[in-house]
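Note that the coordinates shown come from a computational prediction; the quantities given were computed from them, not determined experimentally. Each chain gets a letter, A, B and so on, in the order its sequence line appears, and its residues count up from 1.
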Amino acid sequence: MDLAALREQQLDLAAKVIREDRLDQDPPRLIAGADVGFEQSGDVTRAAFVLLSYPSLDLVEYQVARMATAMPYIPGFLSFREYPALLEAWSMLSQKPDLVFVDGHGISHPRRLGVASHFGLLVDVPTIGVAKKRLCGKFAPLGDEPGARAPLMDKGEQLAWVWRSKKRCNPLFVSTGHRVSLDGALTWVERCMAGYRLPEPTRWADAVASGRPAFKRLQAIGR
DNA sequence: GCGACAG
DNA sequence: ATCTTGTCGC
């Protein structure tokens with residue numbers, strides 16, 4: 001792989017990312033959560049999508065796709081490793097969501113093209129990046145109280161909101177993926193919380209993508 | 001030159 | 001990301 005070429009591609013695509021939205025004018029009825037995991041020592045990439053109805057947040061559908069891993073993990077180039085499987089799982093959905101929560105950063109990336117932005121551009125759907133760790137940028141220490149927030153700054157611009165979603169939990173990094181504003185991203189994440197550190201779409205996608213127990217009781221499927 | 005570094 | 005049980009703290 002030619003990182004210099006991929007880097008050019010990122011700058012090119014980043015220029016096309018739309019950092020605003022009109023989600024409040026016409027609220028999403030279906031919100032998706034997307035996550036990627038690996039099997040066979042990393043040889044197989046497993047992507048999962050879950051669809052939740054909004055505002056009930058009931059699980060409506062989920063799909064999992066598996067394929068040979070395309071690339072190794074290189075910080076700053078995560079999207080090239082994950083988007084092929086994400087596109088596959090996306091194509092398996094019987095209906096498409098109005099908004100997607102992607103596990104990872106959106107524009108809070110060195111070249112402003114994290115996986116949430118990259119994927120959003122590819123399918124031209126509003127996306128929000130929800131990451132658990134910082135990739136770039138700086139932020140002031142957060143207060144202990146839930147709801148505490150601080151702007152993630154890099155080269156003079158705000159790239160995300162560092163937000164404490166729950167008491168005694170590390171903060172989340174919420175950013176614009178595509179077709180969503182920075183404040184809108186945090187607003188929609190706040191609207192999808194249900195008492196856990198991660199918003200429901202992300203939490204479910206995580207459970208499905210890593211085949212965990214919390215997923216055994218396919219809770220609201222079919223209701 | 002020395003760290004930092006999504007999943 | 002993944003390998004993995006119990007355990008400390010609120």
Side-chain angles (χ1 to χ4, degrees), chain A residues 1 3 6-7 10 13-14 17 33-50 64-89 100-122 127-139 143-146 148 152-155 159-178 182 185 189 195-199 201-215:
Chain A
M1 72 204 102
L3 292 187
L6 295 185
R7 180 179 262 102
Q10 293 180 318
L13 291 171
V17 170
D35 190 27
V36 175
F38 298 86
E39 302 174 351
Q40 317 289 359
S41 304
D43 294 337
V44 175
T45 299
R46 174 194 346 85
F49 261 94
V50 293
V64 179
R66 273 168 239 269
M67 60 170 63
T69 298
M71 219 183 92
Y73 166 66
I74 301 173
F77 296 88
L78 175 72
S79 65
F80 294 101
R81 170 176 165 85
E82 306 195 333
Y83 86 71
L86 284 173
L87 287 179
E88 176 61 23
V100 179
F101 284 28
V102 179
D103 196 333
H105 288 94
I107 61 172
S108 38
H109 174 282
R111 288 166 296 284
R112 315 303 187 244
L113 194 81
V115 62
S117 297
H118 197 162
F119 178 77
L121 275 172
L122 291 176
T127 58
I128 292 174
V130 179
K132 305 177 202 66
K133 295 178 180 177
R134 182 193 72 96
L135 173 58
C136 69
K138 303 171 185 174
F139 62 98
D144 295 334
E145 73 285 5
L152 177 68
M153 305 295 296
D154 188 43
K155 296 176 180 172
L159 298 183
W161 277 113
V162 184
W163 180 60
R164 194 181 303 290
S165 59
K166 191 178 185 214
K167 285 183 180 179
R168 301 181 305 277
C169 283
N170 291 321
L172 261 26
F173 296 78
V174 181
S175 62
T176 291
H178 183 48
L182 218 38
V189 167
Y196 297 89
R197 176 163 84 123
L198 300 175
T202 307
R203 195 171 75 85
W204 277 104
D206 215 74
V208 172
S210 50
R212 277 190 256 119
F215 184 55

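Closest non-hydrogen pair, V208(A) versus A48(A), comes out as CG1-CB, 3.7 Å. Closest heavy-atom contact between V115(A) and G104(A): CG1-CA, 4.1 Å.
We find that NZ of K167(A) is positioned 12 Å from P of dC10(C), with the value rounded to whole Å. When the C1' atom of dG7(B) is taken as reference, atom CG of L78(A) falls 5 Å away, rounded to whole Å. If you measure from atom CD1 of I74(A) to atom C1' of dC5(B), you get 12 Å, rounded to the nearest angstrom. Taking atom CG of residue L113(A) and atom P of nucleotide dC5(B), one finds them 20 Å apart after rounding to whole Å. For the pair K133(A) NZ and dA1(C) C1', the computed distance is 9 Å after rounding to whole Å. One atom, CG of D35(A), and another, C1' of dA6(B), lie 12 Å apart when rounded to the nearest Å. Taking atom CE of residue M71(A) and atom C1' of nucleotide dA6(B), one finds them 13 Å apart after rounding to whole Å. In this structure, D43(A) atom CG and dC3(C) atom P are separated by 13 Å, rounded to whole Å.
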*Worked verdict on H178(A) versus F119(A) for ring pair (Phe, Tyr, Trp, His ring centres under 6.0 Å)*: CA-CA 9 Å; H178(A) 183 48; F119(A) 178 77; over 10 Å; no
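By the 6.0 Å and 45° rule, R203(A) does not stack over the aromatic ring of F101(A).
Relative to the side chain of D103(A), the nucleotides dG7(B), dA6(B), dC10(C) differ in distance, and dG7(B) lies closest.
Residue contacts shown for F80(A) are absent, as no nucleic acid heavy atom lies under 4.0 Å away. Using a 4.0 Å heavy-atom criterion, one finds that G76(A) contacts the bases of the nucleic acid, with or without backbone contacts as well. G37(A) comes within contact range of the sugar-phosphate backbone alone, with a heavy-atom separation under 4.0 Å but no base atom that close.
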_For DNA chain B, the dot-bracket pattern of Watson-Crick and G-U pairs whose distances stay under 3.5 Å, | for other-strand partners_ = .......
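Around atom CD of Q40(A), no more than 12 heavy atoms belonging to other residues, nucleotides or ligands sit under 6.0 Å away.
Panel note: side chain H105(A), backbone S117(A); no donor-acceptor pair is recorded below 3.5 Å.
Contact between the side-chain N/O atoms of R134(A) and the OP1/OP2 oxygens of dA4(B) is not found at any separation under 4.0 Å.
Centre separation under 5.5 Å together with a plane angle under 30° does not hold for the ring of Y73(A) and the six-membered base ring of dA1(C), so they are not marked as stacked.
Classification of the H118(A)-F80(A) ring pair by plane angle, with boundaries at 30° and 60°, yields perpendicular.
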